[in-house]
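Computation of the quantities below employed the complete heavy-atom set of this structure, encompassing side-chain atoms and omitting hydrogens, waters and symmetry-equivalent molecules.
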Amino acid sequence: MSSTESAKPSKLPPFDASDPLGADDLLGPDDLAIRDTVRSWAADRVLPHIAQWYEKGELPGIRELARELGGLGALGMSLDGYGCAGASAVQYGLACLELEAADSGIRSLVSVQGSLAMYAIHRFGSEQQKQRWLPGMAAGEIIGCFGLTEPDHGSDPAGMRTYARRDGEDWVLTGRKMWITNGSVAGVAVVWAQTDASDAGGGIRGFLVPAGVPGFRAPEIRHKWSLRASVTSELVMDDVRLPADAVLPGAVGLRGPLSCLSHARYGIVWGAMGAARASFESALDYAKSREQFGRPIGGFQLTQAKLADMAVELHKGILLAHHLGRRMDAGRLRPEQISFGKLNNVREAIEICRTARTILGANGISLEYPVMRHATNLESVLTYEGTAEMHQLVLGKALTGLDAFR
């Protein structure tokens, strides 16, 4: 017997339909513990209520949920210090997957809090700003939001019209932001605005706007057919006067907000696979129990072909997310690679949801099952943090060296 033959295992482990590629072997005990903790929390606190919240278009008790998520260490999870958990990028990704398996709105709450608002303060803020805001945000006592998108400027943030002018030592902020997650309940808003380029440090700057300052409003946006269990708002700033220390000193130009978006997009790469997994599992369970023509529909070739294709794309997407997470942990993840992940995983997640809906037939449109809820949520996920077209152009430029944006 050769040494190669003797090294072979005597018995292969059984096939695991929930982990067909054995990807859990890539995870350590701490990774699995974090994943299981977040999954258990979502099963207990979100899944029993999410269909009702979604149908009513509300997220009741969002402040309590935020405090609970803070207690889990899920807010600003991959940041260090100031009460943050200092988890790895892979661990943060696993949490995003489990949260979005419950609902995209819950993952969005966490992403905007940690990857946008807290990340901006942590990376670009002064020590005083970090001490003031981050501990309370990490605990979920303070909710944050991130104001970049405007009614007329989404994919082209360089054209933003929100403007901050100097008035003595103060800044005076005027403008509007649109489609802002957490806006109406936020204790602090990170708002990006044009400033006079002739001033020292002029250009696009970030400002910390506390809730309740005169001239600042955050009316909630209603009548959404996607992300219904999420607080989405407009930010209105009418001559909001801010002290000199409200500006983020480390961010000048678009590089600041775009780096925050890259961090948030990374979480989406994982989160989209959570929505896809929930829809796939629902379809698989249904196919094994739903009978037509005297047998479970899972026994028909066309249904099995759908399930196989869904499983392939789901677990390829999870492997892609894991690979990008390892690169982020090693400090080697490029923005173009994040675009690769968001473009692929959100697009494939939507297709998985649509295919799952066909297996469930008419039941697929019912809120008794999660499939249609995830499908409609993913239509928003496809668009926010960069549309599919923008990520195609990011990759196109990287591949060709030619800029097709303008």
Side-chain angles (χ1 to χ4, degrees), residues 21-35 73-82 84-100 107 110-112 114-125 146 250-274 313-349 381 385-386 388 390-403 405:
L21 296 179
D24 278 3
D25 292 348
L26 300 173
L27 304 176
D30 289 345
D31 304 327
L32 294 170
I34 288 172
R35 183 192 68 180
L75 303 179
M77 186 172 176
S78 59
L79 304 178
D80 291 316
Y82 308 100
C84 301
S88 71
V90 168
Q91 291 168 350
Y92 171 60
L94 291 166
C96 287
L97 188 151
E98 295 302 332
L99 292 169
E100 194 145 355
R107 199 268 309 147
V110 170
S111 288
V112 170
S115 292
L116 291 178
M118 293 178 68
Y119 181 83
I121 298 170
H122 191 276
R123 180 167 179 180
F124 301 116
F146 186 88
V252 180
L254 269 179
R255 185 183 297 266
L258 293 183
S259 67
C260 299
L261 290 177
S262 287
H263 203 263
R265 290 164 179 162
Y266 166 76
I268 292 171
V269 176
W270 284 91
M273 292 296 96
E313 295 306 326
L314 168 62
H315 293 282
K316 280 165 54 179
I318 292 173
L319 284 179
L320 171 57
H322 191 105
H323 172 68
L324 297 183
R326 293 299 186 202
R327 291 190 67 82
M328 180 175 276
D329 280 326
R332 294 175 54 81
L333 183 61
R334 292 189 55 83
E336 298 91 342
Q337 294 165 340
I338 297 175
S339 287
F340 193 115
K342 184 182 187 277
L343 176 63
N344 180 80
N345 282 15
V346 179
R347 194 161 59 183
E348 294 303 328
V381 179
E385 318 294 1
M390 295 304 292
H391 290 295
Q392 286 173 319
L393 294 182
V394 167
L395 290 174
K397 180 180 178 181
L399 292 168
T400 67
L402 302 173
D403 189 345
F405 282 91

### Query
Looking only at heavy atoms, which two atoms of G267 and C96 are closest? And how far apart?
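The pair with the smallest heavy-atom distance is O-CB, 3.6 Å.
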### Query
Got a second to check how far L324's CG is from R265's CZ, nearest 0.5 Å?
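Separation between the atoms: 13.5 Å.
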### Task
Dump the intermediate steps for side chain to side chain contact (heavy atoms under 4.5 Å, CB included) on E100 and W270, then the final yes or no.
CA-CA 9 Å; E100 194 145 355; W270 284 91; over 6 Å; no
### Message
Please check: side-chain N/O of K342 versus main-chain N/O of S262, any donor-acceptor pairing under 3.5 Å?
### Response
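Looks like no, no N/O pair under 3.5 Å.
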### Query
Any side-chain heavy-atom pair from V110 and M77 closer than 4.5 angstrom?
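Side-chain contact under 4.5 Å: no.
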### Query
Can you check whether S115 reaches F146 side chain to side chain, under 4.5 Å on heavy atoms?
no
### Query
Can you find a heavy atom in the side chain of Q337 that is under 4.5 Å from one in the side chain of V269?
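In short, these two side chains do not touch, never coming nearer than 4.5 Å.
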### Task
Flag the pair S78 / M328 as yes when at least one side-chain heavy-atom distance between them is below 4.5 Å, and no otherwise.
no
### Task
Quick one: do L26 and D31 satisfy side chain to side chain contact (heavy atoms under 4.5 Å, CB included)? Show the steps, please.
CA-CA 9 Å; L26 300 173; D31 304 327; over 6 Å; no
### Message
Once you measure the plane-to-plane angle for Y82 and H122, does it fall in the parallel (<30°), tilted (30-60°) or perpendicular (>60°) bin?
### Response
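Rings of Y82 and H122: perpendicular, over 60°.
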### Message
Once side chain to side chain donor-acceptor pair (under 3.5 Å) is applied, do any residues pair with S339, and if so which ones, sequence neighbours excluded?
### Response
H391
### Message
Checking the side chain of R332 only, and the main-chain atoms of R327 only, is there a donor and an acceptor separated by less than 3.5 Å?
### Response
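Side chain of R332 to backbone of R327: no pair is present.
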### Task
Could you tell me whether the side chain of L97 reaches within less than 4.5 Å of the side chain of I318, counting heavy atoms only?
yes
### Message
Would the distance check show the side chain of N345 and the main-chain N or O of G317 forming a donor-acceptor pair, the cut-off being under 3.5 Å?
### Response
yes
### Message
Could you check whether any side-chain N or O of S259 sits under 3.5 Å from a backbone N or O of G256, counting only pairs where one atom can act as donor and the other as acceptor?
### Response
yes
### Query
Within a strict 4.5 Å, meaning less than it, do heavy atoms of the R35 and D24 side chains meet?
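Heavy-atom side-chain distance check passes, below 4.5 Å.
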## Note on the structure
Note: L27 and L32 closest approach over all heavy atoms is CD1-CD2, 3.7 Å
### Query
Using the ring of each side chain (for Trp, its six-membered ring), is H263 parallel, tilted or perpendicular to Y92, with breaks at 30° and 60°?
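Answer is parallel, since the angle falls under 30°.
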#### Entry: Any D403 side-chain heavy atom under 4.5 Å of L393 side chain
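No; the side chains remain at least 4.5 Å from each other.
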### Query
Got a second to check how far E313's CD is from R347's CZ, nearest 0.5 Å?
10.5 Å
